[in-house]
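The sequence lines fix the lettering, A, B, ..., with proteins before strands; numbering per chain opens at 1.
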Amino acid sequence: MMGRADAVLGVAGRIGAAVLLAAFVLFLVAPVVVIVLMSFTDQLYLTFPPTRFALRWYASAWEQSRWLRAAWNSIQIGTATALASVALGTLSALAVTRGGRRWLLPFGSLVVAPMMLPHVIIAIGLYPTMLDLGLSGSYAAVVIGHTVVATPLVFTTVAAALRGYDHALELAARTLGANGWRTFRFVTLPMIAGGLLIGGIFAFAVSFDELMLALFLAGPRTETLPRLLWEHLAQSVTPTIAAVATLILAFTLLLLVAAETLRRRKAVEPPP
Amino acid sequence: MAGIGRAAKPWTLGRGYLLLLPLPCGFLAVFFVWPLLRVVLRSVLDPRPNFSNYAKVLGAGPYAHILLYTIEIAALVTAICLLLAYPVAALTARMRGGALQVMTGLIVASLWTSAVIRSYAWLILFQRYGVVNQALIALGLAGAPVRILQTTTAVAIGMVHVLLPFMLLPLIATMRRIDPTLLRAGRILGAAPVRLFLRVYLPLSLPGVNAGVALVFITSLGFFITPSLLGGGRTTMAAMIIEEEADTYLDWPLASAIATILLALTVVIYLAYGRLARVEVTRSLR
């Protein structure tokens, strides 16, 4: 196998390839690393490289109750979004993959469409809708907005899991006398549980990172972490923001590792 | 598997599953289709039922220019992403074991990293006395600090950084499915490396290229965070002007007209290319 690579690339080519990959990794990772290092500065402004290691800006973020409240808002909204997206995404995926009607395919495209549209368009459409419903600025408004854009991820993950095993299993259960609910509970659900969980984590992550819908739909009481971050960025660039950013990065990475571990354990991937 | 499914056709449970549809259908109708329809309707009905909002967007003033600039920068970012991602993806697709896991791990982690935070990182790096300017001066490439922020260069670099994973993942997924024996056969038959690439590898990788290009271009069109932070004040993209007209100037009809144009553009590209992109992306994200 290595022989093939050598023959294609040659020595100069292999050095070139190594340099290219190194440059790529540096480009991808360096900006984020710089932020993390800067967050540990003891100065009043951001310096690089940091002169002395300190945690004062983490303490500063911790002491400002607005950051804590925004973080708690984001976690609540993310959890509700995950639950709602999993419910809607699973129902749609079941109908589209098992319904057996041709017109369900365009419906599937409609479910996925919010993922491809600029959020600003959905936001300016949802804003007056929420006003009409009297939900403007409420938790429900933000959760609904986030559910619209997070459901596609659950749908694709669960649909993949549903396509990954033989449909005849459910048929067999029904033939043996199980009703629809029991078939779902004891046949379908165990097969797609991994997909559901991963889809839910994806949905949480989407909500946790979403800015535009939160700008239009959240109120001062329901502001999310990205929204508060955005507001601070517009004003000044203090090391507190770097500290908060580092904490958000760490949390997101934790979520990713969780999803990855699940994916390894539950083979939701269908055979190629 | 398909054979069993087909044989069992009279027994499919299709109708029962259709009972699951009303809830997601209703949700999408009220919170997705109706809001979009509302934006489109408002662009032609408000303040009076005519096309005056579109005349305003496409006539004199900054709007037509901003729309064109948005398309330009989306094309530029897509091209840079493709040029950078293609060789990296080709190398990654050939990796095995640990190296492959590290590379895909990095790419997926990057995809998951908040766009606000990544753009903020570039904002810090591009400051007047930031790391990039320090490096430029130390290397003798610049005598005094250069203004990087608020230029198309800054916006393009930031956007490429955010969008690279969307190009890389479909490319890698496609390239990993290319059968290496085809390349070996070509070489044994005497094809030079360049010819081998142009006649065998490139055509086989095209589905990934199409998917990546469509995905990155469509996503670029709606970009807000990166151009606001890195280009704010001087370079404006469509999503920024929509947000500004609605939120700051409260000119919702005008914002709706620009949004409708952006929506139409996105839908056209999605329909032309989207099927490819969706299949590849779901495959690569799984």
Turns out that what part of Leu133(A) lies under 4.5 Å from chain B's heavy atoms comes down to side chain
If one checks every heavy atom of Thr266(B) against chain A at 4.5 Å, the contacting part turns out to be side chain
Bottom line for Ile121(A): the part with an atom under 4.5 Å from chain B's heavy atoms is both
ask   = Parallel, tilted or perpendicular: which fits the ring planes of Tyr86(B) and Tyr201(B), with parallel below 30° and perpendicular above 60°?
value = perpendicular
Max heavy-atom pairs within cutoff under 4.5 Å with chain A, candidates Leu221(B), Leu229(B), Ile157(B), goes to Leu229(B)
Most heavy-atom pairs under 4.5 Å with chain B, out of Ser92(A), Pro114(A), Pro226(A), belong to Pro114(A)
Chain B shares the most heavy-atom pairs under 4.5 Å, among Pro128(A), Gly89(A), Ala205(A), with Pro128(A)
**Prompt:** Taking the six-membered ring for Trp, are Trp230(A) and Tyr120(B) ring centroids under 6.0 Å apart?
**Reply:** no
Cut-off 4.5 Å, heavy atoms of chain A, and the answer for Leu41(B) is neither
Looking only at Val88(B), Val160(B), Leu125(B), the option with the highest number of non-hydrogen pairs under 4.5 Å against chain A is Val88(B)
Heaviest contributor of heavy-atom pairs below 4.5 Å to chain B, chosen from Val111(A), Ile122(A), Val148(A), Thr97(A), is Val148(A)
State whether the side chain of His161(B) and the backbone N or O of Leu28(A) hold a donor-acceptor pair below 3.5 Å, judged by distance alone. yes
- Message: Test salt bridge (charged side-chain N to carboxylate O under 4.0 Å, His left out) on Asp179(B) and Arg184(B); report intermediate values, then the result.
- Response: CA-CA 9 Å; Asp179(B) 186 351; Arg184(B) 205 183 308 153; over 6 Å; no
(Q) Could you check whether Arg174(A) makes a cation-pi contact with Phe184(A), meaning its NZ or CZ is under 6.0 Å from the centre of the six-membered ring and within 45° of the ring axis? (A) no
**Message:** Treating Glu210(A) as the side-chain partner and Leu213(A) as the backbone partner, does any N or O pair qualify as donor plus acceptor under 3.5 Å?
**Reply:** yes
Applying a strict 4.5 Å limit to non-hydrogen atoms, the region of Leu19(B) in contact with chain A is neither
When the 4.5 angstrom heavy-atom criterion is applied to Phe24(A) and chain B, the contacting part is side chain
Residue from Thr246(A), Val29(A), Leu110(A) scoring the most non-hydrogen pairs under 4.5 Å with chain B is Leu110(A)
Next on the checklist: Run the side-chain hydrogen bond (donor to acceptor under 3.5 Å, both in side chains) test on Ser43(B) and Ser256(B) for me, step by step, so that the C-alpha distance in whole Å, both residues' side-chain angles and the decisive distance to 0.1 Å come before the verdict.
Outcome noted: CA-CA 5 Å; Ser43(B) 74; Ser256(B) 302; over 6 Å; no
Going by the angle between their ring planes, with limits at 30° and 60°, are Phe251(A) and Phe208(A) parallel, tilted or perpendicular? tilted
Per-residue tally against chain A (heavy atom, under 4.5 Å) across Ile258(B), Thr113(B), Leu262(B) peaks at Leu262(B)
Honestly, the part of Leu104(A) sitting under 4.5 Å from a heavy atom of chain B is side chain
So, the part of Phe31(B) with a heavy atom under 4.5 Å from chain A: the answer is both
Answer key: most heavy-atom pairs under 4.5 Å with chain B among Thr252(A), Leu256(A), Val120(A) is Leu256(A)
Closest non-hydrogen contact found for Phe217(B) with Ala74(B) is CE1-CB, 3.6 Å
The interface call for Met103(B) against chain A, heavy-atom contacts under 4.5 Å, is side chain
Applying a strict 4.5 Å limit to non-hydrogen atoms, the region of Leu263(B) in contact with chain A is both
Backbone of Leu215(A) reached by a side-chain donor or acceptor of Arg227(A) within 3.5 Å:
yes
Exercise for the section: Test Leu100(B) against Arg96(B) for side chain to side chain contact (heavy atoms under 4.5 Å, CB included), laying out the working first. Expected result: CA-CA 5 Å; Leu100(B) 179 69; Arg96(B) 255 154 256 275; 5.7 Å; no
When you check the side-chain N and O atoms of Ser110(B) and Arg118(B), is any donor under 3.5 Å from an acceptor?
yes
Taking Leu153(A)'s backbone N and O only, do any of them form a donor-acceptor pair with Thr156(A)'s side chain (distance below 3.5 Å, no angle check)? yes
In terms of heavy-atom pairs under 4.5 Å with chain B, the winner among Ile248(A), Leu229(A), Thr90(A), Leu117(A) is Leu117(A)
Honestly, the part of Val33(B) sitting under 4.5 Å from a heavy atom of chain A is side chain
So, the part of Leu23(B) with a heavy atom under 4.5 Å from chain A: the answer is both
